[in-house]
Amino acid sequence: MTEAPTRLRIDKWLWHARFFKTRGLAAEAAGSGRIRVNGNRVSKPAHAVGPGDVLSFGQGRQVRVIRVEALGTRRGPAPEAQTLYTDLDAERNDAPPAEA
């Protein structure tokens, strides 16, 4: 039997999680340095990510900040893909405003 991997290529994970339409687009974004993992710029699509890593990257007109929760084994439907990450921007936007 094969064990589940503990890390996955960033291009493959971003594609599984449905942030990019194709794996090629995810690889291009990772190779161009437009993605950060735990605050460090990624320069290769083969950079490994795992649960607990925080990714930040531009998508459209917004900057996405997400935490990897699980590794996918396939590119499944959107509800399955949403279980792979936590959107940290949503948590920040849902928080009550700080008092002055």
- request: Could you pull out the closest heavy-atom pair between Ala70 and Pro51, with the gap in Å?
  value: CA-CG, 4.4 Å
field: Side-chain hydrophobic cluster, 4.5 Å single linkage: members besides Phe19
entry: Leu8, Ile10, Trp13, Leu14, Phe20, Leu25, Ile35, Val37, Val42, Val49, Leu55, Phe57, Ile66, Val68, Leu71, Leu84, Tyr85
task: Report the residues that fulfil side-chain contact (heavy atoms from CB on, under 4.5 Å) with Arg9, sequence neighbours left out, ordered by chain and then residue number.
output: Asp11, Lys12, Arg23, Pro45, Ala46
task: Can you run down the salt bridge (Lys or Arg N to Asp or Glu O under 4.0 Å) pairs that involve residues 51-61, sequence neighbours left out, and say none if there aren't any?
output: Arg7-Asp53
query: Side chains of Arg18 and Gln82: closer than 4.5 Å at any heavy-atom pair?
result: no
query: For the residue pair Arg75 and His16, what are the closest heavy atoms and their distance?
result: N-CD2, 3.8 Å
task: Mind checking side chain to side chain donor-acceptor pair (under 3.5 Å) for Glu69 and listing every partner two or more places apart, or none if nothing turns up?
output: Arg67, Thr86
- prompt: Listed by chain and number, what are the side-chain contact (heavy atoms from CB on, under 4.5 Å) partners of Arg41, not counting sequence neighbours?
  reply: Arg36
message: Can you list everything that forms a side-chain contact (heavy atoms from CB on, under 4.5 Å) with Pro79? Sequence neighbours excluded, please.
response: Pro77
- request: Locate the shortest heavy-atom distance separating Asp89 from Val63; write the atom from each residue and the value.
  value: OD2-O, 2.8 Å
